[in-house]
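Quick note: numbers below take in every heavy atom, side chains included, and nothing from hydrogens, waters or symmetry partners.
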Amino acid sequence: QLQASGGGLAQAGDSLRLSCAASGSTFSGLVMGWFRQAPGKEREFAAAIWRSGGSTSYADSVKGRFTISRDNAKNTVYLQMNSLKPEDTAVYYCAARYYNGGSWYTGPYDYWGQGTQVTVSS
């Protein structure tokens, strides 16, 4: 089970940090990702982090502004979002997958959290 939190209202240029807590004992064996879905748009990939945290991947739209990290001792993945823009407004979902070959960050993902709303005003 994945539980996302940390969303809210922000102004352009502000920062927010999202957290996603996972239950279970296999967290360190999971690739973790963050996705987002803006109103009227399809869900899109934002960022992902390898099981050990040694590799990360970002969508071009967030690269340089967002940082994904994880704490395997706490079964938690984070998304630090800096320099927020109105176009970052979306519901943000954390997701997890067991890597079994192919591109490690694109999915498909096996588990999804409930989503947390991020709204950025100009």
Side-chain angles (χ1 to χ4, degrees):
Q1 185 177 3
L2 301 176
Q3 183 73 36
S5 61
L9 299 175
Q11 293 189 329
D14 284 353
S15 298
L16 284 175
R17 189 175 82 154
L18 305 182
S19 299
C20 177
S23 59
S25 60
T26 60
F27 181 77
S28 61
L30 295 166
V31 172
M32 299 299 298
W34 285 98
F35 290 74
R36 64 185 186 180
Q37 186 168 20
K41 295 187 177 180
E42 293 187 354
R43 186 169 59 193
E44 64 177 10
F45 169 80
I49 188 166
W50 183 246
R51 297 177 295 197
S52 65
S55 293
T56 57
S57 180
Y58 296 93
D60 288 342
S61 57
V62 307
K63 197 174 295 182
R65 299 187 299 120
F66 290 11
T67 302
I68 188 171
S69 62
R70 65 191 296 162
D71 185 337
N72 286 346
K74 296 183 178 179
N75 283 12
T76 302
V77 63
Y78 305 97
L79 186 66
Q80 178 67 42
M81 305 185 295
N82 298 331
S83 302
L84 283 164
K85 304 176 181 180
E87 50 263 45
D88 294 320
T89 295
V91 177
Y92 283 73
Y93 298 90
C94 64
R97 67 178 297 232
Y98 289 103
Y99 177 66
N100 54 11
S103 174
W104 66 270
Y105 57 88
T106 57
Y109 282 73
D110 302 296
Y111 307 102
W112 293 85
Q114 86 289 358
T116 184
Q117 176 71 48
V118 172
T119 303
V120 184
S121 61
S122 58

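In this structure S103 satisfies the side chain to side chain donor-acceptor pair (under 3.5 Å) test together with T106, sequence neighbours excluded. Qualifying side chain to side chain donor-acceptor pair (under 3.5 Å) partners for R43, counting only residues two or more places apart in sequence or in other chains: none. Residues passing the side-chain contact (heavy atoms from CB on, under 4.5 Å) test with A95 are F35, Y109, W112, sequence neighbours excluded. Scanning for side chain to side chain donor-acceptor pair (under 3.5 Å) contacts around D60 gives K63, with sequence neighbours left out. For T26, the side chain to side chain donor-acceptor pair (under 3.5 Å) criterion is met by Y98, not counting sequence neighbours. By the side-chain contact (heavy atoms from CB on, under 4.5 Å) test, S55 pairs with W50, W104, sequence neighbours left out.
Listed by first and then second residue, the side chain to side chain donor-acceptor pair (under 3.5 Å) pairs that reach into residues 2-23 are S15-N82, sequence neighbours excluded. Sorted by first and then second residue, the ring-ring contact (aromatic ring centres under 6.0 Å, His included) pairs with a member in residues 62-90 form an empty list; sequence neighbours excluded. For the salt bridge (Lys or Arg N to Asp or Glu O under 4.0 Å) condition, no pair includes a residue of residues 71-81, sequence neighbours left out. For residues 44-53, the set of pairs meeting the salt bridge (Lys or Arg N to Asp or Glu O under 4.0 Å) definition, not counting sequence neighbours, comprises R36-E44. Evaluation of the ring-ring contact (aromatic ring centres under 6.0 Å, His included) test over residues 14-33, restricted to residues two or more places apart or in two chains, returns none.
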Enumerate donor-acceptor pairs with a distance under 3.5 Å from any side-chain N or O in residues 113-122 to protein atoms, sequence neighbours excluded.
{"unit_1": "Q114", "atom_1": "OE1", "unit_2": "A4", "atom_2": "N", "d": "3.2"}
{"unit_1": "Q114", "atom_1": "NE2", "unit_2": "A4", "atom_2": "O", "d": "2.9"}
{"unit_1": "T116", "atom_1": "OG1", "unit_2": "G7", "atom_2": "N", "d": "3.2"}
{"unit_1": "Q117", "atom_1": "NE2", "unit_2": "A90", "atom_2": "O", "d": "3.4"}
{"unit_1": "Q117", "atom_1": "NE2", "unit_2": "T119", "atom_2": "OG1", "d": "3.3"}
{"unit_1": "S121", "atom_1": "OG", "unit_2": "A10", "atom_2": "O", "d": "3.4"}

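Atom CE of M81 is separated from atom CG of L18 by 3.5 Å, given to the nearest 0.5 angstrom. Atom CG of L30 and atom CG of N72 lie 9.0 Å apart (nearest 0.5 Å). For the atom pair Q80 CD and R65 CZ, the distance stands at 12.0 Å (nearest 0.5 Å).
Following chains of ILVMFWY side-chain contacts shorter than 4.5 Å, one can reach Y111 starting from M32, so the two form part of one hydrophobic cluster. At a threshold of 4.5 Å between side-chain heavy atoms, the hydrophobic network of Ile, Leu, Val, Met, Phe, Trp and Tyr places V31 and L79 in two separate groups. Taken together through direct or relayed side-chain contacts under 4.5 Å among Ile, Leu, Val, Met, Phe, Trp and Tyr, L16 and V62 form part of one hydrophobic cluster. Linking ILVMFWY side-chain heavy atoms closer than 4.5 Å, directly or via other members, places F45 and W34 in two distinct hydrophobic clusters. Y105 and Y99 end up in the same hydrophobic cluster when Ile, Leu, Val, Met, Phe, Trp and Tyr side chains are linked at under 4.5 Å.
At least one side-chain heavy atom of V77 sits under 4.5 Å from a side-chain heavy atom of I68.
Closest approach of N100 to R97, counting heavy atoms only: OD1-NH2, 3.6 Å.
Between the Y58 side chain and the S61 main chain, no donor and acceptor come within less than 3.5 Å of each other.
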